[in-house]
Amino acid sequence: MSEVCKNIDRLLKERGISGVKMSDDLGMSRSFMTELRKGRAKSIKIETAQKIADYFGVTTDYLFGKTNQSGFGGGSASGAGFGDGTGFGGPIEKMPTPEGERKPSDEDIKFALFGGGGEITDAMFDEVKNFAAYVKQREEEKRKG
């Protein structure tokens with residue numbers, strides 16, 4: 001079993017999360033961890049590693065076994081984090097726990113909508129939120145008849 005697989009398994013076990021739940025939450029194939037564990041997957045894309053690292057609130061260096069420090073102070077392959085316990089402009093919140101999931105932050109939503117690339121202005125984000133509110137209202141009106 002690869003180092004990255006061992007580290008992901010350790011994080012899953014520590015947090016009481018199944019590989020299937022993680023895969024579903026991240027929009028990955030449910031067989032991802034099985035393929036990794038059995039050695040059929042010989043590598044992992046850096047984009048996938050970054051998604052997993054962000055999910056657990058650790059660095060990609062930690063996932064790949066390059067550091068024993070799981071926090072962003074050690075730096076990640078993407079350069080995320082500022083060495084002060086924050087990542088991408090705010091405190092790092094941990095991934096969902098068995099007790100309940102954290103509420104997505106505006107940064108989470110921006111990443112999901114815009115793919116994390118480029119600058120997202122407040123005006124752009126407000127426009128997307130306004131459109132989402134419009135669609136929600138339209139659908140509610142359809143249901144009312």
Side-chain angles (χ1 to χ4, degrees), residues 2 4-38 40-64 66-67 69-145:
S2 71
V4 70
C5 184
K6 288 177 189 174
N7 288 332
I8 294 170
D9 274 338
R10 182 179 316 113
L11 290 164
L12 288 167
K13 185 176 180 183
E14 286 173 1
R15 273 94 169 189
I17 300 293
S18 71
V20 169
K21 176 161 176 37
M22 177 194 72
S23 295
D24 286 349
D25 289 347
L26 296 176
M28 300 176 352
S29 163
R30 287 182 161 208
S31 64
F32 171 78
M33 284 304 296
T34 302
E35 298 296 312
L36 213 56
R37 287 181 186 117
K38 294 190 182 248
R40 292 189 291 239
K42 301 294 182 195
S43 63
I44 180 172
K45 292 180 182 177
I46 191 63
E47 294 86 5
T48 302
Q50 189 64 58
K51 281 170 118 177
I52 295 168
D54 291 345
Y55 182 76
F56 287 113
V58 299
T59 65
T60 53
D61 283 350
Y62 178 79
L63 284 183
F64 287 106
K66 294 181 179 181
T67 180
Q69 296 177 342
S70 62
F72 277 88
S76 72
S78 70
F82 306 107
D84 61 355
T86 63
F88 302 108
I92 298 167
E93 293 188 51
K94 298 298 181 193
M95 54 74 179
T97 65
E99 295 81 40
E101 296 187 10
R102 68 175 171 83
K103 183 178 179 190
S105 69
D106 283 353
E107 294 305 312
D108 293 332
I109 296 167
K110 287 178 184 178
F111 182 83
L113 291 171
F114 297 100
E119 181 182 347
I120 311 306
T121 66
D122 289 339
M124 291 168 63
F125 190 51
D126 287 342
E127 186 175 350
V128 171
K129 289 191 292 187
N130 289 336
F131 181 72
Y134 162 76
V135 170
K136 181 180 177 185
Q137 181 180 6
R138 182 187 69 198
E139 295 302 310
E140 287 173 356
E141 289 174 6
K142 281 183 185 178
R143 280 191 288 264
K144 290 179 183 176

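Note that these values count all heavy atoms, side chains included, but never hydrogens, waters or copies made by symmetry.
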Near Glu127 CD, under 6.0 Å, is it more than 12 heavy atoms from other residues, nucleotides or ligands? no

How about Leu11 and Tyr55: do any of their side-chain heavy atoms sit closer than 4.5 Å? no

State, with a plain yes or no, whether a side-chain heavy atom of Ile44 is found less than 4.5 Å away from one of Ile52. yes

When rounded to the nearest 0.5 angstrom, what is the spacing between CE in Met33 and NZ in Lys38? 12.5 Å

Can you tell me how far the OG1 atom of Thr48 sits from the CD1 atom of Ile8, to the nearest 0.5 Å? 9.5 Å

Just wondering, more than 12 heavy atoms not from Lys129 lying within 6.0 Å of its NZ? yes

Rounding to 0.5 Å, atoms CG (Leu26) and CG (Asp54) come to a distance of 9.0 Å

May I ask you to decide whether Lys142 forms a salt bridge with Glu139, counting only side-chain N to carboxylate O separations under 4.0 Å? yes

Roughly how far apart are Ile17 CD1 and Asp24 CG, rounded to 0.5 Å? 11.5 Å

Step-by-step side-chain contact (heavy atoms from CB on, under 4.5 Å) determination, Thr60 to Lys66: CA-CA 9 Å; Thr60 53; Lys66 294 181 179 181; over 6 Å; no

Distance, nearest 0.5 Å, that separates CZ of Phe131 from NZ of Lys136: 15.0 Å

Hey, could you give me the NZ/OG distance between Lys51 and Ser23, rounded to the nearest 0.5 Å? 10.0 Å

For the student: nearest non-hydrogen atoms of Leu63 and Ala53, plus distance: CD1-N, 3.7 Å

Salt bridge between Asp9 and Lys6, side-chain N to carboxylate O under 4.0 Å? no

Does Ser18 use its side chain to pair, donor to acceptor, with the backbone of Lys21 at less than 3.5 Å? yes

One pair to check against side-chain contact (heavy atoms from CB on, under 4.5 Å): Phe56 and Asn7. What are the steps and the verdict? CA-CA 11 Å; Phe56 287 113; Asn7 288 332; over 6 Å; no

